[in-house]
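Worth saying up front: this structure is predicted, and the values here are computed from it rather than measured. Note on naming: letters A, B, ... go to the chains in the order of the sequence lines (proteins, then strands), and numbering restarts at 1 for each one.
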Amino acid sequence: MSKNMQIADVIVDVPTMQTNRPYTYLIPEQFQNDLEPGMRVSVPFGNGNRLIQGFITKIDYVKNNDINLEKYKEIQEILDIEPTVNEELLQLADWMAKYTFAFKIKCLQVMLPSALKAKYDRIFKFIGNDKTSAIQEIFGNDNELVESKHDLTPQKIQQLLNLRKKNLVEVSYIVKDKLTSKKVWAFRPILEKDSYQELSRKVSKNANRQKLLLELLQRLDSTKEYRQLEYANKLNLSSVDFKNAETKGWISRFKVDEYRDPFANIEIKRDEHKILSKEQDEAFKSISRDVNNHVNSVNLLQGVTGSGKTEVYLQVIDNVLKKGQTAIMLVPEISLTPQMINRFKARFGSNVATLHSGLSNGEKLDEWRRIEKNEAKVVVGARSAIFAPLKNIGVIIIDEEHEDSYKQEEMPRYDAKDVAIWRGKYHHCPVVLGSATPSLETRARAQKGVYKWLKLTKRINGKSLPKVHIIDMKEAYKDSPSPDFSIELLNEIYQTIQRKEQVVLMLNRRGYSSFVMCRDCGNVVNCPNCDISLTLHMDSRTLRCHYCGFEMSPPKVCSVCKSTKIRYYGTGTQKVEAELKKLIPNARILRMDVDTTRKKGAHQKILDEFGSQKADILLGTQMIAKGLDFPNITLVGVLNADTGLNFPDFRASEKTFQLLTQVSGRAGRADKDGNVFIQTFNPDHYAINLARKHSYEEFFYHEMKMRHMLNYPPYYYSYKISVSAKNEEQVVKRIYKIGNELKGILSAQAQILGPAPQGITRINNRYYYQIIIKYKKEEKLEEYLSKLLVSSQKFERNGELIVIDRNPNRFE
DNA sequence: AGCACGCCGACT
DNA sequence: GTCGGCGTGCTC
């Protein structure tokens with residue numbers, strides 16, 4: 001007798017061993033027809049049959065005698081009632097694994113809230129007859145030890161594993177499902193409003209609590225559910241009062257999932273549509289047309305700071321919601337402030353779900369489930385929110401699209417923009433990339449007509465952009481009381497504070513690795529082969545090129561002006577703060593950098609303090625360039641515009657231009673005019689000069705020329721392959737082997753930079769080496785890299801890590 | 001991770 | 001001629 005039965009392809013999560021191929025398992029009788037692709041299961045794996053988590057990707061029907069089914073094991077347990085990953089996300093994981101050279105399991109895991117990631121536990125069971133003293137010491141009076149409960153040291157685990165070999169201990173594995181969400185009491189009014197009124201009159205005079213509750217019930221909506229705790233707190237009632245009300249038949253009570261969303265039931269004043277300017281309206285209509293017609297377009301919305309991009313987003317999303325569709329809005333993590341989230345909640349109410357690092361794992365899971373259950377239709381979040389399990393998406397918006405935080409810097413190394421475009425195709429909906437200073441890649445595609453190009457050229461307050469002054473520090477430092485401040489900037493700070501207005505000072509520390517510069521002429525030592533500045537390595541006291549490996553000792557005399565005033569460069573915020581206190585003793589200064597913002601919420605706290613005028617000066621690193629929009633800021637100072645420029649990377653000018661433009665936009669947001677002072681040793685550099693003129697377009701053309709000359713993106717695609725290990729010799733051997741193999745398969749049009757040591761060659765006692773590939777079209781490259789990914793597994797055992805990074809943010 | 005397989009040196 | 005070291009490969 002043969003009968004139909006099911007088998008399933010499963011992508012398994014084997015610690016330290018990954019493959020991109022699924023494993024086939026039998027679906028046991030009791031689960032037949034219960035399983036679907038996208039569900040999580042636990043399956044036995046390997047010789048020890050340890051249980052691990054896996055995702056079902058495919059289900060097949062077979063006759064139980066048609067093929068040799070003996071080689072398959074059975075699925076052990078189902079971890080979901082419904083698929084955790086839907087069909088779309090399964091396909092997306094497939095594509096992502098191939099595109100970013102990642103293991104599929106990592107792609108699936110990155111899409112889900114971390115609370116859904118399996119935790120494994122081991123149980124050690126004593127199965128011998130008598131405990132020796134050594135065994136007694138480990139087990140005590142128990143016969144069973146659970147790894148996560150009895151804090152077992154690695155030594156103890158080693159002993160236990162040895163005992164297993166002697167058949168004295170048995171080990172079993174379990175997959176812990178962390179899918180436990182808190183339940184809380186909720187209630188619903190079940191009587192008519194009149195009845196409550198009547199009851200309220202009838203209850204005895206001193207039954208104050210009952211009266212309070214009945215008055216509340218008159219106001220509530222009997223079609224809605226309410227959290228008991230919330231109203232108990234508000235009216236100073238206890239749970240007993242609600243329980244009594246239930247027994248009297250006034251309300252019904254039940255338990256609901258506790259959504260830990262801190263904003264869930266806060267009533268936020270609704271925010272209304274603002275009237276769009278002509279430019280805004282054109283952008284809105286163009287995007288909405290594509291929403292309505294299900295056109296999968298990619299749009300660059302290029303708008304100067306303060307031009308009202310956000311209002312366009314909000315109205316586009318509103319239109320999407322009215323059509324019964326959903327929307328994703330990505331913003332950089334740093335701008336996901338409560339104010340920003342409130343703006344969305346004010347417009348769309350409880351339709352909004354937010355996903356960001358400020359939430360606990362439980363809160364993230366709750367938000368994720370609200371999205372999955374269609375309870376939230378607008379998702380606002382940082383990078384990983386691009387995987388929000390929304391159905392029927394009408395628009396995907398990525399604000400500040402030039403930010404590099406949209407690219408994940410660990411496996412899977414996906415770019416949220418690529419994922420957005422993939423999902424846009426899947427849902428036949430437009431994707432909007434917004435920025436005042438688009439990345440060259442995006443802007444170039446708009447130029448070529450690959451993306452639609454929408455422009456907002458005017459500020460909505462009608463004010464012109466702030467006036468930017470460049471200060472040549474080569475001259476200014478000579479007659480200044482401080483090496484970090486020019487007299488001009490000091491005067492300006494002083495006067496601004498006198499007017500009771502606020503100052504933002506930015507210390508640009510991008511690329512903290514030091515460089516060497518001539519104090520007299522500003523010349524920085526460049527690599528003879530690569531036209532890029534050399535980096536000072538203090539460990540070896542040499543200057544190195546991170547592109548080609550060139551190396552030299554620091555010069556004693558400047559090659560341009562023959563001066564001997566050669567300085568090693570680097571400044572800190574603490575030093576500047578101390579100096580500022582000396583120069584302007586009565587100024588109230590807030591410092592914002594990695595040190596002062598390490599604690600959770602500290603970033604917001606500093607901004608709040610500054611916003612409520614508790615300080616005159618906000619001094620910080622790049623992070624102050626974003627997420628602050630305070631009307632009283634009228635002066636912005638950049639202390640050292642150069643450090644970013646001397647960063648040995650092909651994007652150095654682009655990043656500097658973007659940063660200067662962005663920080664300049666902080667000045668004069670409301671009715672007051674703003675001023676910007678930029679101190680620099682390179683007053684003639686185009687990135688600085690064009691930022692002064694607020695001329696993104698000129699910058700774009702100039703930078704594109706440079707990129708073209710040097711065969712950099714966007715003219716070429718790129719890969720970075722890096723190898724690291726504790727043993728430098730091992731790393732060098734591997735990277736050269738890869739380099740040689742690449743030379744064998746690449747065409748003459750492709751270019752290889754390196755192998756060369758990475759910017760900071762040794763980090764945490766690991767040595768890093770890399771190869772950059774620049775190419776236009778290489779037939780064999782993807783196949784080679786896929787193989788490299790698979791083989792990288794076995795090198796990992798020797799502590800050798802290989803990373804393949806498609807379109808890396810940086811080459812250094 | 002854990003186990004099998006297999007090639008080479010040291011040993012009964 | 002055999003035992004066992006660990007480098008290598010595989011896990012449905």
Quickly work out the [X] [atom1] to [N] [atom2] distance and round it to whole Å.
| X | N | atom1 | atom2 | result |
| --- | --- | --- | --- | --- |
| A:Asn20 | C:dC12 | CG | C1' | 16 Å |
| A:Lys794 | C:dC10 | NZ | P | 9 Å |
| A:Leu51 | C:dT11 | CG | C1' | 14 Å |
| A:Glu800 | C:dT8 | CD | P | 11 Å |
| A:Ile27 | C:dC12 | CD1 | P | 17 Å |
| A:Glu796 | C:dG7 | CD | P | 18 Å |
| A:Asn798 | C:dC6 | CG | C1' | 12 Å |
| A:Tyr72 | C:dT11 | OH | P | 12 Å |

I want to know whether A:Tyr72 and A:Tyr25 have ring centres closer than 6.0 Å.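 No: the rings miss the under 6.0 Å criterion.
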To the nearest 0.5 Å, atom OH of A:Tyr719 lies from atom CD of A:Glu782 at 4.5 Å
Please determine whether a side-chain nitrogen or oxygen atom of A:Arg21 lies at a distance below 4.0 Å from atom OP1 or OP2 of C:dT11.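 Yes, because at least one side-chain N or O of A:Arg21 sits under 4.0 Å from OP1 or OP2 of C:dT11.
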Verify the contact: side-chain N or O of A:Lys73 to OP1 or OP2 of C:dC12, cut-off strictly under 4.0 Å; return yes or no. yes
Regarding A:Asp415 and A:Arg806, does a basic nitrogen lie under 4.0 Å from an acidic carboxylate oxygen? no
Does A:Phe45 reach a base, just sugar-phosphate, or nothing at all? Heavy atoms under 4.0 Å. base
Would A:Lys364 and A:Glu367 satisfy salt bridge (charged side-chain N to carboxylate O under 4.0 Å, His left out), going step by step from the backbone distance to the final call? CA-CA 5 Å; A:Lys364 278 182 203 157; A:Glu367 288 294 84; over 6 Å; no
